[in-house]
Number of protein chains: 2
Amino acid sequence: MNHDSSLVNRLTDRLIAGELRPGDRLSEASLAKEFDVSRNTLREAFRVLGEQGLVTHIPHRGVSVASPSTADVVDIYRVRHHVECSVLEHAPRNHPNAAHMEAAVEAAAKFAAEENWLEVGTANMAFHNAVVSLSDSRRLARSFANVLAELRLAFLKVEVLDFLHAPFIERNREVIEVYRNESPAAAAAKLGTYLGDSERQVLGAYARAGQG
Amino acid sequence: MNHDSSLVNRLTDRLIAGELRPGDRLSEASLAKEFDVSRNTLREAFRVLGEQGLVTHIPHRGVSVASPSTADVVDIYRVRHHVECSVLEHAPRNHPNAAHMEAAVEAAAKFAAEENWLEVGTANMAFHNAVVSLSDSRRLARSFANVLAELRLAFLKVEVLDFLHAPFIERNREVIEVYRNESPAAAAAKLGTYLGDSERQVLGAYARAGQG
DNA sequence: GCGTCTATCTTTGTTCAACAATGCATGCTA
DNA sequence: TAGCATGCATTGTTGAACAAAGATAGACGC
């Protein structure tokens with residue numbers, strides 16, 4: 001089955017797994033051979049990834065793995081603030097998908113104990129995607145997932161997955177707690193401050209790495 | 001210049017202008033001939049439009065102009081509520097882009113006087129895109145623009161552009177007023193109720209048209 | 001040595017022709 | 001009329017080919 005979606009997924013997996021590092025050039029010829037598809041088919045997949053922001057396309061210079069700048073990081077956190085906080089604030093209490101949030105946090109805690117930071121990051125992404133899923137909007141969830149995937153490339157770029165994610169496991173747990181026992185609005189406020197802290201940490205890592 | 005972006009734009013223009021109606025099948029062969037590009041190039045453009053939600057792709061059955069269902073409309077309005085209201089609520093007072101909002105409303109009023117409802121709709125889209133531009137986030141603006149373009153297909157589907165847009169010109173003006181003279185939060189609340197009314201009207205039109 | 005210019009090479013952009021795979025329509029059979 | 005088989009049209013994918021733009025490297029003058 002060489003359906004395009006499958007090819008897009010295979011490429012996305014590699015990107016999120018960090019096998020293809022931010023900034024890496026993606027040669028059409030070599031990747032086509034590697035995935036055993038034609039150049040044309042690969043290019044169709046590239047368009048999708050480009051639209052999702054995972055890949056940067058420069059005319060006549062090909063595509064490369066997106067390498068988010070600090071400006072991109074700021075932009076991404078703006079999206080996160082607006083989307084995540086608004087969704088959480090207006091979420092009904094006891095939305096069934098809160099279970100997904102909880103499951104993601106527990107998964108993150110498990111992987112953190114194993115010091116498998118890549119998977120901690122994946123679980124963290126799942127947590128925030130679960131938050132947005134409280135909106136019951138497929139479109140919002142999809143767009144947001146794209147933005148989060150792009151943010152993961154930012155993490156991979158500065159290569160500091162551990163301490164960026166570790167402190168937030170407990171804070172995510174608290175968000176669930178407040179959402180369940182106090183109010184969605186209070187949880188949204190809490191999440192907002194956490195996002196602000198997270199953004200600051202990422203930008204700090206960028207500054208230390210000397211990256212633009 | 002047969003750059004893909006240009007092809008995507010040409011296709012998007014046709015979609016938004018209503019030349020290609022929702023549900024219309026887009027034959028690769030005939031469109032390739034019409035735009036004088038190869039099938040492969042056209043297919044790359046289709047991927048982009050599919051990712052943007054303007055076009056529906058069913059394997060081995062080709063692409064057709066997206067024909068939003070009532071469920072899609074509801075989903076789209078969920079996005080609108082979360083994004084537009086959140087952005088407006090947290091927008092700084094006197095954001096320079098408020099001028100864009102104002103310009104869009106005046107354009108809409110002008111076209112309404114000419115009873116050019118298609119352009120009124122375009123101006124209305126511009127207004128709401130301007131609202132989201134207050135977030136200063138390119139990503140949010142892009143994703144939102146895609147969703148609005150999809151919503152326009154919903155309008156075209158039920159073919160009632162006039163009364164769907166007309167009443168909202170004045171209400172948009174009021175939103176600007178409140179944003180400027182009262183507070184962004186109050187403006188966001190006002191916009192929220194307007195969006196609710198708008199959604200109800202569109203769904204009503206769907207019901208009358210007997211569309212799913 | 002250094003920068004610049006040009007020639008060459010590599011990669012992308014696009015087209016075309018071919019064939020496989022799938023879905024659709026037609027007409028046949030019962 | 002319902003169900004089925006056959007043929008037809010469209011999409012999915014490939015490979016080769018060439019044009020076009022950028023990257024590289026060597027020659028040249030200073």
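Here is the naming used below: chain letters follow the sequence lines, and residue numbers restart at 1 for every chain.
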Nearest listed nucleotide, side chain of B:Glu28, among D:dT13, C:dG13, D:dG12: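 My answer, after comparing the listed nucleotides, is D:dG12.
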Candidate nucleotides C:dT12, D:dG12, D:dT14, ranked by approach to the side chain of B:His57 - the nearest: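 Closest of the options to the side chain of B:His57: D:dG12.
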Side-chain donor-acceptor distances from residues 12-20 of chain B under 3.5 Å, at least two apart:
residue : atom : partner : partner atom : Å
B:Thr12 : OG1  : B:Val8  : O            : 2.7
B:Arg14 : NH1  : B:Glu34 : OE2          : 2.4
B:Arg14 : NH2  : B:Glu34 : OE2          : 3.1

Residue closer to the 5' end of DNA chain D, B:Arg39 versus A:Arg39 (nearest nucleotide):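 Comparing both residues, the 5'-ward one is B:Arg39.
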Between side-chain atoms of residues 113-123 of chain B and protein atoms elsewhere (two or more places apart, or another chain), which donor-acceptor pairs fall under 3.5 Å?
residue  : atom : partner  : partner atom : Å
B:Asn116 : OD1  : B:Glu119 : N            : 3.4
B:Thr122 : OG1  : B:Leu118 : O            : 3.1
B:Thr122 : OG1  : B:Arg152 : NH2          : 3.1

For nucleotides 5-7 of chain D, tabulate all protein N/O to nucleotide N/O atom pairs closer than 3.5 Å, reporting atom names and distance.
none

Below 4.0 Å: OP1/OP2 of C:dT15 and any side-chain N or O of B:Thr41: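 Checking C:dT15 against B:Thr41, a side-chain N or O does come within under 4.0 Å of OP1 or OP2.
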Distance check needed: [N] [atom2] versus [X] [atom1], whole Å only.
{"X": "A:Leu42", "N": "D:dG12", "atom1": "CG", "atom2": "P", "result": "17 Å"}
{"X": "B:Leu26", "N": "D:dT10", "atom1": "CG", "atom2": "P", "result": "14 Å"}
{"X": "B:Lys33", "N": "C:dT14", "atom1": "NZ", "atom2": "P", "result": "21 Å"}
{"X": "A:Arg25", "N": "C:dT10", "atom1": "CZ", "atom2": "P", "result": "14 Å"}
{"X": "B:Phe46", "N": "C:dT14", "atom1": "CZ", "atom2": "P", "result": "16 Å"}
{"X": "A:Leu31", "N": "C:dT12", "atom1": "CG", "atom2": "C1'", "result": "14 Å"}
{"X": "A:Arg43", "N": "C:dT12", "atom1": "CZ", "atom2": "C1'", "result": "6 Å"}

Solution key, residues 124-131 of chain A side-chain donor-acceptor pairs under 3.5 Å, sequence neighbours excluded:
residue  : atom : partner  : partner atom : Å
A:Asn124 : OD1  : A:Asn172 : ND2          : 2.9
A:His128 : ND1  : A:Arg80  : NH2          : 3.1
A:His128 : ND1  : A:Glu84  : OE1          : 2.6
A:His128 : NE2  : A:Arg80  : NH2          : 3.3
A:Asn129 : ND2  : A:Met125 : O            : 3.4

What's touching nucleotides 20-24 of chain C from the protein side, N or O pairs under 3.5 Å?
residue : atom : partner : partner atom : Å
C:dC24  : OP1  : B:Arg61 : NH1          : 3.3

Presence of salt bridge, A:Glu102 and A:Arg173, under 4.0 angstrom: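 Answer for the salt bridge query: no.
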Test: B:Arg139 and A:Asp72 ion pair at under 4.0 Å: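 A salt bridge is present here (some side-chain N lies under 4.0 Å from a carboxylate O).
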A:Arg142 CZ: over 12 foreign heavy atoms closer than 6.0 Å: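 Atom CZ in A:Arg142 is not crowded, with 12 or fewer foreign heavy atoms closer than 6.0 Å.
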A:Arg93, CZ atom: more than 12 neighbouring heavy atoms under 6.0 Å: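 Counting other residues, nucleotides and ligands, CZ of A:Arg93 exceeds 12 neighbours.
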Heavy-atom donor-acceptor pair, A:Ser135 side chain to A:Val132 backbone, under 3.5 Å: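 Yes.
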Which residue lies more 5' along DNA chain C, comparing A:Asn40 with A:Gly62 via nearest heavy atoms: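 Upstream on the strand: A:Gly62.
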A:Asp24: partners by salt bridge (charged side-chain N to carboxylate O under 4.0 Å, His left out), with sequence neighbours left out: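 Testing A:Asp24 for salt bridge (charged side-chain N to carboxylate O under 4.0 Å, His left out), a comparison that skips the adjacent residues, returns none.
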